[in-house]
Amino acid sequence: MPGYVFGHSAQELERLMFQAQVLAPITSRLISLMGITPGMRVLDLGCGAGDVSMLVAQAVGESGSVIGIDLDADTVALAQYRAQLARLPQIQFQACAIDAYTSAEGFDAVIGRYIMLHQADPQTFLHKAASLLRPGGVLGLHEIAIQAPMLESHPEVPLWQQAGTWLFEALNAGARSPGAAGCMLGHLAEAGLPSPEQFCERPIGGGADALFYRWAAEAVRTLMPHLIRLGVLDDGVVPLNTLEHRLRKATVQARAQLLGPTQVCAWVRL
Ligand SMILES: C[S@@+](CC[C@H](N)C(=O)[O-])C[C@H]1O[C@@H](n2cnc3c(N)ncnc32)[C@H](O)[C@@H]1O
């Protein structure tokens with residue numbers, strides 16, 4: 001069974017923080033729709049560098065509290081440092097695996113972004129997440145759909161679409177549950193949870209200033225060892241240092257409109 005496909009290198013943590021800028025408007029919408037309001041106590045599963053926890057902290061205010069948990073102790077230390085810099089004392093982070101986490105008191109809300117796809121068994125994960133809620137609490141998930149084509153462009157920019165194929169190949173093989181976003185409703189039903197409310201959207205954009213080029217290039221860079229291991233690419237075939245620049249140049253020259261990966265958000269109230 002594959003481990004956590006992205007790893008926790010310094011470069012990967014930087015990538016997560018940059019990716020968070022692209023995803024923030026979508027996650028913020030989920031936070032609002034799932035009804036996270038001032039004073040609530042919220043748990044962030046697989047918090048990474050703390051970006052979702054920080055969005056939630058703004059929603060719950062100083063009268064609320066957020067706990068972010070992640071497998072990796074260095075990642076958690078970075079998240080704690082960032083929360084201090086952002087003057088968000090209502091967040092605490094803890095290095096802990098989701099299946100080992102316990103709390104004497106149920107949470108008003110449990111949230112996770114890009115986390116279910118990395119779990120071996122979505123049903124077990126959802127059971128655990130729901131068990132951490134108080135009666136009437138709400139569970140919200142923001143997942144990325146691992147389905148081809150992950151990236152599109154109009155008119156077609158071959159390098160952009162190629163990058164989408166690489167990302168699809170690496171994540172489809174490397175994520176433990178790559179179909180998680182596409183089967184959200186079914187997984188929740190199998191876990192004995194109510195039907196969710198849902199929305200999905202795709203980031204869209206183009207032009208010289210779009211965040212897309214760096215987002216895609218950094219993801220390809222992190223996943224390159226897996227692409228080589230899978231035999232999709234040979235070492236050194238893709239000049240990674242210039243990939244962002246080449247994506248930007250080709251897109252701007254073609255005046256292309258880019259579509260990013262589909263984002264699926266779902267929430268259920270117990
Ligand atoms: C793709 S990152 C997403 C981080 C963050 N949620 C975000 O959107 O910026 C997934 C994170 O989940 C953590 N993770 C994966 N499986 C986990 C588990 N079973 N228990 C705790 N953390 C986990 C990884 O260490 C990683 O930091």
Side-chain angles (χ1 to χ4, degrees), residues 1-31 34 36 42-58 66-83 86 91-103 109-129 131-132 139-146 150 167 170-171 174-178 180-181 203 211 215 218-223 226 260-261 263-266:
M1 180 178 300
Y4 172 56
V5 66
F6 283 102
H8 300 97
S9 65
Q11 201 168 47
E12 167 54 14
L13 293 178
E14 224 173 274
R15 188 194 72 80
L16 270 187
M17 291 185 276
F18 181 74
Q19 173 176 267
Q21 291 178 43
V22 181
L23 301 180
I26 303 171
T27 309
S28 295
R29 199 166 143 215
L30 172 66
I31 289 169
M34 66 189 275
I36 294 181
V42 182
L43 177 67
D44 176 18
L45 299 173
C47 62
D51 291 280
V52 173
S53 300
M54 290 195 278
L55 288 178
V56 172
Q58 282 157 17
V66 185
I67 296 179
I69 63 166
D70 199 283
L71 278 176
D72 186 64
D74 289 344
T75 302
V76 162
L78 172 66
Q80 191 72 61
Y81 177 67
R82 293 179 74 213
I91 317 180
Q92 290 300 317
F93 293 97
Q94 197 175 320
C96 186
I98 294 165
D99 58 2
Y101 185 75
T102 56
S103 168
V110 172
I111 191 166
R113 182 171 76 191
Y114 284 20
I115 182 68
M116 190 157 73
L117 81 159
H118 297 300
Q119 308 312 305
D121 180 359
Q123 197 177 327
T124 306
F125 163 77
L126 289 168
H127 262 302
K128 178 69 188 184
S131 75
L132 294 164
L139 168 64
L141 297 166
H142 175 168
E143 293 289 331
I144 181 171
I146 312 300
M150 280 191 72
L167 296 178
L171 288 169
R176 288 174 161 173
S177 295
L211 302 180
W215 186 24
E218 288 186 357
V220 171
R221 179 193 294 279
T222 304
L223 293 169
H226 302 279
Q263 310 292 311
V264 177
C265 292

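Counting starts at 1 for both ligands and their atoms, in listed order. Heavy atoms only: backbone and side chains are in, while hydrogens, waters and symmetry mates are out.
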Which ligand 1 atoms are under 4.0 Å away from a heavy-atom of Gly48?
4 (C), 27 (O)
State if Ala20 counts as touching ligand 1 under the rule of any non-hydrogen atom under 4.0 Å.
no
Mind checking whether Leu71 has an N or O less than 3.5 Å away from an N or O of ligand 1?
yes
With atoms numbered from 1 as shown, which atoms in ligand 1 lie under 4.0 angstrom from a non-hydrogen atom of Ile115?
12 (O), 14 (N), 15 (C), 16 (N), 17 (C), 23 (C)
I want to know if ligand 1 touches Arg113 in the polar sense, i.e. an N/O pair below 3.5 angstrom.
yes
Just to check, does Asp70 reach to within less than 4.0 Å of ligand 1 when the distance is taken from its heavy atoms?
yes
Could you check whether any heavy atom of Phe6 sits closer than 4.0 Å to an atom of ligand 1, since that is the contact criterion I want to use?
no
Between ligand 1 and His8, can you find any atom pair, the residue atom being a heavy atom, that is separated by under 4.0 Å?
yes
For atom 20 (N) of ligand 1, which protein heavy atom lies nearest, and how many Å away is it?
Ile98 N, 3.0 Å
Identify the two heavy atoms, one from Ile98 and one from Ile69, that lie closest to each other, and give their separation to 0.1 Å.
CA-CD1, 4.0 Å
Would you say Gln119 and ligand 1 have an N/O pair spaced under 3.5 Å apart?
yes
Considering all heavy atoms of both residues, which atom of Ile115 and which atom of Gly46 are nearest to each other, and what is their separation?
CD1-CA, 3.7 Å
Looking at Cys96, which atoms of ligand 1 are within less than 4.0 Å of one of its heavy atoms?
21 (C)
Just to confirm my output: which protein heavy-atom neighbour is closest to atom 4 (C) of ligand 1, and how far is it?
Gly46 O, 3.4 Å
Under a 4.0 Å N-O cut-off, is there an ion pair linking Arg82 with Asp51?
yes
Would you mind listing which atoms of ligand 1 come within a distance below 4.0 Å of any non-hydrogen atom of Tyr114?
1 (C), 10 (C)
Would you name the heavy atoms of Ile91 and Ala83 that are closest together and state the gap between them?
CD1-CB, 4.0 Å
Quick one: closest heavy-atom pair of Met150 and Ile144, and the distance?
CE-CD1, 3.9 Å
Please table the atom pairs, donor to acceptor, closer than 3.5 Å between any side-chain atom in residues 10-18 and protein atoms at least two apart or in another chain.
from, atom 1, to, atom 2, distance (Å)
Glu12, OE1, Arg15, NE, 2.6
Glu12, OE1, Thr222, OG1, 3.4
Glu12, OE2, Arg15, NH2, 3.1
Arg15, NH1, Gln19, OE1, 3.0

What residue and heavy atom of the protein are closest to atom 10 (C) of ligand 1, and at what distance?
Tyr4 OH, 3.4 Å
Rounded at 0.5 Å granularity, tell me how far CG in Leu117 sits from CD in Glu143.
5.5 Å
Touching ligand 1 at all, Gly112? Heavy atoms, strictly under 4.0 Å?
no
Indicate the atoms forming the closest heavy-atom contact of Cys265 with Leu30, along with that distance.
CB-CD1, 4.0 Å
To the closest 0.5 Å, what do you measure between CD (Gln58) and CD1 (Ile36)?
12.5 Å
Please confirm whether the backbone N or O of Gln119 pairs with a side-chain atom of Ser177, one donor and one acceptor, at under 3.5 Å?
yes
Side chain, backbone, both or neither: which applies to Cys47 and ligand 1 if a contact is any heavy-atom pair less than 4.0 Å apart?
backbone
Residues Pro203 and Pro261: closest non-hydrogen pair is CD-O, 3.3 Å
Close-contact set for ligand 1 against Ala97 heavy atoms, below 4.0 Å
20 (N), 21 (C)
